[in-house]
*Asks:* 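Handing you this structure, nothing more for now.
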Amino acid sequence: MSFRTKLLLIFTLTVTLAVGLVAAMVSASMRRAFERVDAERTSALVAQFEREFARQGEEVTRRVEGVARADSVLRMAVDLNRPRPDYSLYVETARDVAAAQRLDFLDFIASDGTIVSSAEWPARFGYREEWVTQAADWPTQAAFLKREELPGGVALALMAVRPVRAGEGRAGERDFYIAGGLRLDREFLASLVLPAGMRVILYRNFHPNFSAEELIPASANVSSVEQGGNSDKLAPLVERVRRERAEFSQTVAWSRDPLSAEAFRAIPLLGRERELLGVLLVGSSRREQVALEQRIRLVAFQVGAVAVLLGALFSVWMAARVTRPVLDLAAASRRVAGGDWGTRVAVRSADEIGELAGAFNRMTQQILEQRDRLVQAERVAAWRELARRLAHELKNPLFPLQITVENLLRARQQSPAQFDEVFRESTSTLLAELADMKTIIGRFSDFAKMPAPQFEAVNLNEVVRGAVKVFQAQLSEAGRPPITPKLDLEEKLEAIEADPDLLHRAVQNLVLNALDAMPTGGTLTIRTAQRDGPTRCALLEVSDTGTGLTKEECERLFTPYYTTKQHGTGLGLAIVQSVVSDHGGKISVESDPGRGSTFRIELPVSRDS
């Protein structure tokens with residue numbers, strides 16, 4: 001992933017999170033504000049309902065008390081207090097009085113609970129209302145809710161009861177009761193002043209289960225959504241109030257459109273004996289809140305989109321400003337890795353990128369200086385090592401030469417007669433030692449004149465087989481501890497570009513080194529393999545089970561003229577490393593004392609790899 005893409009992703013993520021967080025905080029704050037306002041408006045509407053309920057109750061009580069004080073009612077009370085009164089005379093009385101007092105319900109009830117006259121249901125004449133005769137302080141009792149049976153159904157009434165006496169203080173007098181009231185229905189709800197976006201619905205609790213037919217809105221003009229099948233969505237809230245007799249709140253979504261959501265607060269309406277007769281549902285539309293939330297989300301999306309667009313432009317500009325010098329540094333680093341130690345980059349700014357470019361230039365300058373010092377030190381060390389090795393190699397044959405010459409001089413002076421025989425023996429010794437010196441000088445000359453490789457397609461397996469064949473006689477030599485060769489060659493090995501003669505010489509040196517490491521015999525294992533990847537390579541491993549090497553010996557093993565043997569010039573492995581290096585490969589060694597050694601070579605398949 002490029003720096004420009006990363007910068008764009010980081011900026012986009014930051015802007016998205018910031019805008020989303022701000023939108024969420026604003027939405028949450030707005031939601032709390034709306035909920036607070038809704039709660040205040042709902043509480044005000046509930047308080048208004050309670051005041052209107054109390055006012056209507058006082059009005060009902062006042063009207064019933066007016067009926068109780070009427071002269072006609074007092075005369076009726078006296079008449080009904082006589083022995084064996086005739087109730088049929090007053091069947092129609094309640095209806096006329098109720099009309100005069102504007103009461104929806106009015107019942108005249110005798111002291112034993114018998115209905116003398118009923119305005120709302122005259123046919124109930126003679127029925128008994130025993131609840132009226134129960135011990136109760138009716139003169140001080142306020143109006144209360146009551147379920148009233150009607151010819152066409154059931155109604156919810158706000159009732160008041162007042163007793164009437166036929167006379168004051170006379171023995172045997174019995175109370176005469178007047179029960180009157182008003183309907184609690186749509187007309188009552190319509191008297192409430194509703195704020196915009198709010199409404200009230202009265203649920204009459206007349207059935208054992210929820211019934212949508214008992215929902216009475218404040219206005220008859222209600223949409224079919226609430227009056228249709230969706231009215232059942234209020235059932236959970238009503239059922240909860242029915243079950244726990246307490247206030248609860250719930251949000252109702254009338255459709256999939258979030259704008260249709262409405263928050264309801266349910267208030268239980270209890271009768272005189274604390275029975276649940278109804279539930280007042282106060283609804284507050286969430287349309288404004290949801291619309292505002294949608295507007296906030298839309299604005300947040302628009303702001304985020306604009307910010308992301310600006311971020312993309314900013315990231316392009318910033319990436320161009322930052323990545324161009326970085327790419328220049330990367331290209332310069334590749335040139336340095338390729339051997340161009342004098343590479344420099346232009347310093348275009350005084351910021352961190354400019355400091356980085358300056359540090360890179362100082363680094364390459366220091367590398368050049370250190371390389372020059374290192375080259376000089378290596379040259380001095382190489383010449384010193386060469387002088388030491390030459391002195392060591394030439395010192396051995398020089399001593400026999402000196403002794404031989406001294407013997408010739410001594411023989412010439414002391415035994416002239418035997419000089420010829422001594423001369424012949426001495427000249428043989430001189431020629432042998434001079435031949436050794438010539439061989440030593442030739443080896444050093446060969447290492448100094450390592451030819452440049454002549455590349456061609458080479459089968460590494462054939463090179464291995466040819467090198468092992470050279471030593472076949474040595475491996476099976478009589479009287480020598482047996483060394484078993486083991487070839488593990490990859491048959492499908494791809495041909496590589498190499499110099500076959502130099503590669504053959506390098507493999508021979510490795511095999512010879514392995515044989516010298518196993519003076520008591522062992523196993524010589526040679527493996528080849530193919531490694532695919534960005535750089536395709538051929539792998540060559542030469543392993544022995546010989547004496548092994550220490551860590552310090554492994555570190556100096558490829559140094560020219562360094563050897564761990566009693567004989568040899570120490571140039572064999574140095575020649576192998578030179579050949580591998582000229583082919584663009586790598587060589588390494590793994591060894592432990594007493595456990596053998598493994599030389600591993602990696603050669604690129606092609607010179608362009």
Side-chain angles (χ1 to χ4, degrees), residues 49 52-70 72-74 76-77 80 87-134 136-164 175-191 202-207 214 216 218 269-278 280:
F49 173 82
E52 182 64 19
F53 187 86
R55 189 190 68 79
Q56 293 278 15
E58 292 174 357
E59 179 65 20
V60 168
T61 302
R62 185 184 64 79
R63 294 180 186 180
V64 171
E65 289 178 347
V67 172
R69 290 193 298 266
S72 60
V73 174
L74 291 175
M76 184 173 60
L80 294 176
Y87 294 160
S88 62
L89 299 174
Y90 305 101
V91 173
E92 302 294 335
T93 303
R95 184 168 53 188
D96 297 336
V97 175
Q101 294 293 332
R102 290 174 299 162
L103 292 171
D104 297 324
F105 306 96
L106 182 61
D107 293 331
F108 294 143
I109 304 172
S111 58
D112 59 356
T114 302
I115 297 177
V116 176
S117 180
S118 176
E120 68 276 8
W121 197 352
R124 294 187 67 200
F125 168 76
Y127 283 73
R128 300 179 68 85
E129 291 281 7
E130 295 182 353
W131 62 271
V132 179
T133 61
Q134 296 174 357
D137 190 10
W138 291 121
T140 60
Q141 185 80 253
F144 56 89
L145 283 179
K146 184 179 180 299
R147 170 182 171 141
E148 280 292 329
E149 300 289 342
L150 297 175
V154 185
L156 188 61
L158 183 58
M159 300 291 292
V161 178
R162 287 295 182 266
V164 178
D175 288 336
F176 176 69
Y177 300 98
I178 299 175
L182 296 174
R183 286 176 180 268
L184 194 64
D185 55 8
R186 182 178 290 116
E187 184 178 350
F188 175 84
L189 298 178
S191 65
L202 176 65
Y203 178 77
R204 301 184 304 179
N205 189 33
F206 293 161
H207 298 277
E214 299 300 333
I216 301 176
L269 302 178
L270 305 179
R272 185 173 60 89
E273 297 181 354
R274 308 301 298 171
E275 73 277 18
L276 183 67
L277 296 178
L280 183 68

*Asks:* Once salt bridge (charged side-chain N to carboxylate O under 4.0 Å, His left out) is applied, what residue pairs with a partner in residues 113-130 remain, sequence neighbours excluded?
*Replies:*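 The answer is D112-R128, R124-E129, R128-E130.
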*Asks:* Using a 4.5 Å cut-off on heavy atoms from C-beta on, say whether the side chain of D185 contacts that of L202.
*Replies:*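 They are not in contact (no side-chain heavy atoms under 4.5 Å apart), so the answer is no.
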*Asks:* Identify the two heavy atoms, one from G181 and one from V60, that lie closest to each other, and give their separation to 0.1 Å.
*Replies:*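 Shortest heavy-atom contact: CA-CG1, 3.7 Å.
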*Asks:* Indicate the atoms forming the closest heavy-atom contact of L269 with L145, along with that distance.
*Replies:*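 Shortest heavy-atom contact: CB-CD1, 3.6 Å.
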*Asks:* How many angstroms lie between atom CZ of F176 and atom CG of L74, to the nearest 0.5 angstrom?
*Replies:*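 Interatomic distance, F176 CZ to L74 CG, rounded to 0.5 Å: 10.0 Å.
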*Asks:* Just jot down the side-chain contact (heavy atoms from CB on, under 4.5 Å) partners of P151, sequence neighbours excluded, or say none.
*Replies:*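 If we apply the side-chain contact (heavy atoms from CB on, under 4.5 Å) test to P151, skipping adjacent residues, the hits are W121.
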*Asks:* Do the side chains of E58 and R55 get close enough for a salt bridge, i.e. N-O under 4.0 angstrom?
*Replies:*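 Between R55 and E58 there is no salt bridge, as every charged N stays at least 4.0 Å from the carboxylate O atoms.
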*Asks:* Can you list the residues that meet the ring-ring contact (aromatic ring centres under 6.0 Å, His included) rule with F188, with sequence neighbours excluded?
*Replies:*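 Only F49 meet the ring-ring contact (aromatic ring centres under 6.0 Å, His included) criterion with F188.
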*Asks:* Over all heavy atoms of both residues, which pair between P163 and W138 is shortest? Give the atoms and the distance, please.
*Replies:*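 Distance-wise, the nearest heavy atoms are CD-CB, 3.7 Å.
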*Asks:* Compare every heavy atom of G113 with every heavy atom of T133, then report the nearest pair and how far apart it is.
*Replies:*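 For T133 versus G113, the nearest heavy atoms are CG2-N, 3.5 Å.
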*Asks:* Are any non-hydrogen side-chain atoms of L182 and Q56 less than 4.5 angstrom apart?
*Replies:*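 When only atoms from C-beta onward are counted, Q56 and L182 do touch, with a gap below 4.5 Å.
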*Asks:* E65: which residues meet the salt bridge (Lys or Arg N to Asp or Glu O under 4.0 Å) condition with it, sequence neighbours left out?
*Replies:*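 With neighbours one apart ignored, the set is R162.
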*Asks:* Is L184 close to I216 at the side-chain level, that is, under 4.5 Å between some pair of heavy atoms?
*Replies:*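 Of all side-chain heavy-atom pairs linking L184 with I216, none is under 4.5 Å.
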*Asks:* For the residue pair V67 and L103, what are the closest heavy atoms and their distance?
*Replies:*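 Shortest heavy-atom contact: CG2-CD1, 4.5 Å.
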*Asks:* Heavy atoms, side chains only, cut-off 4.5 Å: are I178 and V64 in contact?
*Replies:*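 Yes, side chains in contact.
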*Asks:* Return the set of residues passing side-chain hydrogen bond (donor to acceptor under 3.5 Å, both in side chains) with E214 (not counting sequence neighbours), or none when no residue passes.
*Replies:*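 Checked E214 against side-chain hydrogen bond (donor to acceptor under 3.5 Å, both in side chains); matches are R204, H207.
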*Asks:* Let's go through I115 and Y87 carefully: what are the C-alpha distance in whole Å and the side-chain angles of both, what is the deciding distance for side chain to side chain contact (heavy atoms under 4.5 Å, CB included) to 0.1 Å, and is it a yes or a no?
*Replies:* CA-CA 9 Å; I115 297 177; Y87 294 160; over 6 Å; no
*Asks:* So F144 and V161, do their side chains get closer than 4.5 Å, heavy atoms only?
*Replies:*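 Heavy-atom side-chain distance check passes, below 4.5 Å.
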*Asks:* Is V164 close to F108 at the side-chain level, that is, under 4.5 Å between some pair of heavy atoms?
*Replies:*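 No - every pair of side-chain heavy atoms lies 4.5 Å or more apart.
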*Asks:* Any salt bridge (charged side-chain N to carboxylate O under 4.0 Å, His left out) involving residues 144-160? Give me the pairs, sequence neighbours left out, ordered by first then second residue.
*Replies:*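 Applying salt bridge (charged side-chain N to carboxylate O under 4.0 Å, His left out) to every pair that reaches into residues 144-160, excluding sequence neighbours, yields K146-E148, R147-E149.
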*Asks:* Report yes or no: does R183 contribute a side-chain atom to a donor-acceptor pair with the main-chain N or O of A155 at less than 3.5 Å?
*Replies:*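 No: the side chain of R183 does not pair with the backbone of A155.
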*Asks:* Is any side-chain heavy atom of L276 less than 4.5 Å from a side-chain heavy atom of L270?
*Replies:*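 Sidechains of L270 and L276: in contact.
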*Asks:* Determine the minimum heavy-atom distance between F105 and A157, stating which atoms define it.
*Replies:*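 What the structure gives for the nearest pair is CE1-CB, 3.4 Å.
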*Asks:* Quick check: are there more than 12 heavy atoms from other residues, nucleotides or ligands sitting under 6.0 Å from CD of Q141?
*Replies:*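 Counting other residues, nucleotides and ligands, CD of Q141 exceeds 12 neighbours.
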*Asks:* Would you give the length of the straight line joining atom OG of S118 to atom CD1 of I109, rounded to the nearest 0.5 angstrom?
*Replies:*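 These two atoms lie 8.5 Å from each other.
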*Asks:* Taking T61 for its side chain and A160 for its backbone only, find out whether a donor-acceptor pair lies under 3.5 Å.
*Replies:*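 No, because the side chain of T61 does not come within donor-acceptor range (under 3.5 Å) of the backbone of A160.
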*Asks:* Please evaluate residues W131 and E273 with respect to the criterion side chain to side chain contact (heavy atoms under 4.5 Å, CB included), reporting the C-alpha separation (whole Å), side-chain torsions for both, the decisive distance (0.1 Å), and the verdict.
*Replies:* CA-CA 11 Å; W131 62 271; E273 297 181 354; 5.7 Å; no
